[in-house]
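What follows is a single structure, written as structure tokens, with notes after it.
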Amino acid sequence: MAFNAKHLLGIELLSVDQIRLILETANTFREISTRSIKKVPTLRGKTIINLFFESSTRTRTSFEIAAKRLSADAINISTSTSSIVKGETLIDTARNLEAMAPDAIVIRHSSAGAPHQLAKFCSASIINAGDGFHEHPTQALLDALTILDHRPSLKDLRVAIIGDIAHSRVARSNCLLLGKMGAHITVCGPPTLLPINFDQYSSLAGSLTVTDNMNKALDQADVVMMLRIQLERQKEAFFPSIREYFRYYGLTGERMKFAKPGAIIMHPGPINRGVEIASEVADGPYSVILGQVASGVGIRMAILYLVIGEREQTGLGIES
Ligand code: CP
């Protein structure tokens, strides 16, 4: 099957077959990261610009590593060192970068829809690395790849997503992806951090339940996905104190007794220990948090290959 999409703007726009193709391609590409020489010529001669208007450790680094493992040239631009600080608009910045003929622009921006705007103005492929509260598609894809390392299928899996749902693009992309793949999702957080009409992210094939009761959300869960409190996106106090928040919504070993035995624990990072998750579970035997980070490289290799590589070649070009 061909990917047949120039951009990756969100999970909402992907079909189940496209999601499967990304996961299968990522699974194949992951092997390259285990070699002593971690480089193949698949995207030689391609140029990828990482344009990050918000801070990032995992996403930006793994897009850069992914590009380099595929022999593409990767250039990183951050807001503080670019002419954006002199007042240049997003579209002008993108048009100027376009004049240098990149093949793909990876963008993270605090405004929902910024990558979609760029896609209208640019001829390069646009990849959404997180836009405001809206979507973080590569995070949901790497989460799915990680779950499949531990479970045979996403279908009928019970997934609890707990924390600051209101401000989380990760929650939205995961609900869309896991729902399309037939999982049963429960989102949970304090009532003030549960958006109205969140069931619009309900799936085609699975189900979506919303609750403010953490024990109910954890009940018989196969996967527990914890989310950070996004203080940088909050303009008011949504809960009385961190201590209070941890008491009702912090994941501890004791609380994990409500989940299925052996349930895996996920977190997109960065984690706030003692706020949404206790160190005993973040570092415990059922945590797959660092596995998620490792999966990110394979997923981003797959995305870069599928949006800018596939049209010009057959095969993955990864023979060692
Ligand atoms: N998960 C995630 O997006 O992490 P970064 O903000 O470090 O990229």
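Read the numbers this way: they start at 1 and go in the same order the structure lists the ligands and their atoms. Nothing fancy with the numbering, it's 1 onward along the sequence. Everything numeric in this text was worked out from a predicted model, so none of it was measured.
No side-chain donor from either of Ser110 and Glu54 sits under 3.5 Å from a side-chain acceptor of the other.
Annotation for ligand 1: atoms under 4.0 Å from non-hydrogen atoms of Thr57 are 5 (P), 7 (O), 8 (O). Close approach of ligand 1 to Gly269 is summarised as follows: ligand atoms under 4.0 Å from at least one heavy atom of the residue are 1 (N), 2 (C), 4 (O).
Under the side-chain contact (heavy atoms from CB on, under 4.5 Å) rule, Ile289 has a single partner from Met226, His267, Met266, which is His267.
Contacts between Gln139 and ligand 1, counted as non-hydrogen atom pairs separated by less than 4.0 Å, involve the side chain only. At a heavy-atom distance under 4.0 Å, only side-chain atoms of Arg108, from C-beta outward, approach ligand 1.
Both tests hold for Arg300 against Phe63: distance to the six-membered ring centre under 6.0 Å, angle to the ring axis within 45°.
A pairwise comparison of heavy atoms in Phe121 and Arg95 identifies CD2-NH2, 3.2 Å as the closest pair. Nearest heavy atom pair, residue Val40 against residue Ser71, reads O-OG, 2.6 Å.
Among protein heavy atoms, the minimum distance from atom 4 (O) of ligand 1 is reached at Arg58 NE, 3.0 Å. For atom 2 (C) of ligand 1, the closest non-hydrogen atom on the protein side is Thr59 OG1, 3.5 Å.
Classification of Arg35 and Glu31 as a salt-bridged pair holds, one side-chain N sitting under 4.0 Å from a carboxylate O.
Ligand 1 is approached by His136 to a heavy-atom distance shorter than 4.0 Å.
Taking only nitrogen or oxygen atoms, main chain and side chain alike, Pro270 does not reach within less than 3.5 Å of ligand 1.
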